[in-house]
Amino acid sequence: MAEEKLTSRSENYSDWYNELVIKAELADYSPVRGCMVVRPYGWSLWENIQAALDRRFKETGHTNATFPLLIPKSFLEKEKEHVEGFSPELAVVTIGGGEELEEPLVVRPTSETIIGYMYSKWVKSWRDLPILINQWGNVVRWEMRTKLFLRTSEFFWQEGHTAHATEQEAREETLRMLDVYADFAINEAAVPVIKGVKSETEKFAGAVMSTTIEAMMGDTKALQSGTSHFLGQNFAKAFEIQFSDKNNELQYAWTTSWGLSTRMIGAIIMTHGDDKGLVLPPRLAPIQVVMVPIYKNDEEKSKVMPIADGIFSQLKNAGMRVKMDGREEVTPGYKYNDWEMRGVPLRLEIGPKDVEKNSVALARRDVPGKEGKVFVSQEGIVATVQTLLTDIQAGMLAKATAFRDSNMFDPKDFNELVEVVQKGWAVSHWCESKECESKVKESTKASTRCIPLDQTESQGSCIVCGKPSKRKVIFGKSY
RNA sequence: CGGGGUGUAGCGCAGUUGGCAGCGCACCGCGUUUGGGACGCGGGGGCCGGCGGUUCAAGUCCGCCCACCCCGACCA
């Protein structure tokens, strides 16, 4: 059961987050430093995320497979940037069956290498391409500072790995999957995201180009919520993924990879959560409607429960995820707070007065207090609830989008940029040099988040050095 | 790995000049309650982070070690 009040977001955002994850029973700390236990409620949420994504992957022609957890250490060393990027965070297995291993194995930090190795075996002809595979699994990256869902040493994700005959096809795939992520984030999670390209310093180790969906959290920090990489021929060359084209000429394949992790749960928490707890978008919520029956004694109970059960069945049969909270050892008030902590989008109360008046009370989680509570007729309850859930989903997206937009700024000069990145994002022209990027980071702790894809080129000058620039970038502090 | 902090019941904490280890919440039992976190009565629960030292006596004083948290360097 959820316990007493949360630390408020304004008091200490970080404490608020940590307490919320524990009290909503999404996850718990494990005995292994930096690892987490995802509890049933958190995992149900993840399963709904998986289902929504998996459907989209299948619709775009991908199939699932699984590759090993352990990878020969030498594989990681085949791609120069890749090894440099990942070496510091590898977990390495040196002993197996009591014997020192001839070659150490690394616990996968990501699977480009082993999948590249397999693809080289499977790809001989242009007819073998494209290969469009996704894997659901876990990976391990030894992290210095961890935080549940946002950064843990082991995390759960999906990683898509594709190989193509042409550069153009691979580039299209990269952007197609970025679109899938953005569509998922916006329409399922109600998390407004900006699609963009990562700078050279921020990109994936081994990629030619990394793209991202960036979301703004409730404290205005940015969270990279999904990434899609164009890997060029880097991994194809490292693992000799070669094929004969139609002219019988040997070519290296072009590959992509893309991933979205349980970090998305952190994004949902920090995009929608409030001081009472979690607020979940109806489309992903493990429980969409919680029913709280109210009665003082057996007589009232015998009048209320048959009607409550009838409504429960109607909602259930309509395909809604509904739960009846029939606990008798806690008061209704306790239950309200309990389910608010867990972010259930809609609460349905039914008591003796409702039985008399043929009504029920509906309280929406995204609109706190009396304002979000309405009394409606029991007639047509399924349609009423469905409409409300749709409204909540749309309302959450609108609210989050308005919040983000009101915290994006267009600073006039460097001094103003330094100011605005303390309270939100700066969208500014940038010459795309590492020098200017690191100057901003050193003086503000804000990094480049992405160069938004949906922007029209405009003539401007770099906010740092003043050199000509055609594109704007987002600067912001990030998780 | 650098800087700061904290370790006492499941959680949050108190513990005075060294002298029987406590409080709130949670948990268990019984009864009364139940439309916004109910109440009464009765219970259970401790290697006081670890090791060593000082002392008649250490949660308390001293030394060493360990763990965790926060702020930095690294990241989906």
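No hydrogens, no waters, no symmetry mates; every other heavy atom, side chains included, goes into these values. In the text below, chain A, chain B and the rest are named by the order of the sequence lines, each starting its count at 1.
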| query | Is any side-chain N or O of E340(A) under 3.5 Å from a base N or O of G37(B), one able to act as donor and the other as acceptor? | reply |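 Donor-acceptor pair under 3.5 Å: no.
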| Does D338(A) make a side-chain donor-acceptor contact with the base of G37(B), cut-off 3.5 Å? |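 When only heavy-atom distances are counted, D338(A) does not reach the base of G37(B) through any donor-acceptor pair under 3.5 Å.
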| task | Compare side-chain N and O positions of T331(A) against OP1 and OP2 of G37(B) and report whether any pair is under 4.0 Å apart. | result |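 Checking G37(B) against T331(A), no side-chain N or O comes under 4.0 Å of OP1 or OP2.
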Could you give the [atom1]-to-[atom2] distance, from [X] to [N], as a whole number of Å?
X       : N      : atom1 : atom2 : value
D28(A)  : C11(B) : CG    : P     : 10 Å
R327(A) : A38(B) : CZ    : P     : 12 Å
F156(A) : A76(B) : CZ    : P     : 18 Å

| request: Runs of at least three consecutive Watson-Crick or G-U pairs, both distances under 3.5 Å, are what I'm after; which ones involve RNA chain B? | output: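 Detected stem regions: B:1-7 with B:66-72, B:10-13 with B:22-25, B:27-32 with B:38-43, B:49-53 with B:61-65.
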| message | Walk me through whether F156(A) and W43(A) qualify under ring pair (Phe, Tyr, Trp, His ring centres under 6.0 Å). | response | CA-CA 10 Å; F156(A) 303 87; W43(A) 195 256; 5.4 Å; yes
| message | For a side-chain hydrogen bond (donor to acceptor under 3.5 Å, both in side chains) check, start with the C-alpha distance between S359(A) and D354(A), then their side-chain angles and the critical distance, and finish with the verdict. | response | CA-CA 5 Å; S359(A) 65; D354(A) 296 304; 2.8 Å; yes
| said: Would R347(A) and Y336(A) count as a cation-pi pair here, with the cationic atom under 6.0 angstrom from the ring centre and within 45° of the axis? | reply: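 Yes, cation above the ring, under 6.0 Å and within 45°.
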| request: Test the K439(A)-F414(A) pair against the cation-pi criterion, namely NZ or CZ under 6.0 angstrom from the six-membered ring centroid and within 45° of the ring axis. | output: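 Verdict for F414(A): a cation-pi partner in K439(A).
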How about [X]: does its [atom1] atom have over 12 heavy atoms from other parts shown lying under 6.0 Å from it?
X       : atom1 : value
K316(A) : NZ    : no
K73(A)  : NZ    : no
W142(A) : CH2   : no

Would [X] and [Y] count as a close aromatic pair, with their ring centres under 6.0 Å?
X       : Y       : answer
Y119(A) : F235(A) : no
F57(A)  : W258(A) : yes
H82(A)  : F204(A) : yes

| With a 4.0 Å cut-off, would you call K198(A) and E214(A) a salt bridge? |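 Here K198(A) pairs with E214(A) in a salt bridge, since their nearest N and O are under 4.0 Å apart.
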| field | Ionic contact status for D183(A) with R56(A), cut-off 4.0 Å | value |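 Counted as a salt bridge, because a side-chain N and a carboxylate O are separated by less than 4.0 Å.
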Contacts to RNA chain B from [range], heavy-atom cutoff under 4.0 Å, which residues?
range                       : result
residues 267-294 of chain A : K276(A), I294(A)
residues 211-224 of chain A : Q224(A)
residues 38-52 of chain A   : none

| message | Nearest 0.5 angstrom please: T211(A) OG1 to M209(A) CE, how far? | response |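 T211(A) OG1 to M209(A) CE: 5.5 Å, rounded to 0.5 Å.
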| B/S/- contact track for nucleotides 68-75 of chain B, protein heavy atom under 4.0 Å | SSSSSBBB
Can you list, pair by pair, the side-chain donor-acceptor contacts under 3.5 Å of residues 301-311 of chain A, counting residues two or more places apart and other chains?
from: K301(A); atom 1: NZ; to: E328(A); atom 2: OE2; distance (Å): 2.8
from: S302(A); atom 1: OG; to: D298(A); atom 2: O; distance (Å): 3.4
from: S302(A); atom 1: OG; to: E299(A); atom 2: O; distance (Å): 2.7
from: K303(A); atom 1: NZ; to: E299(A); atom 2: OE2; distance (Å): 3.2

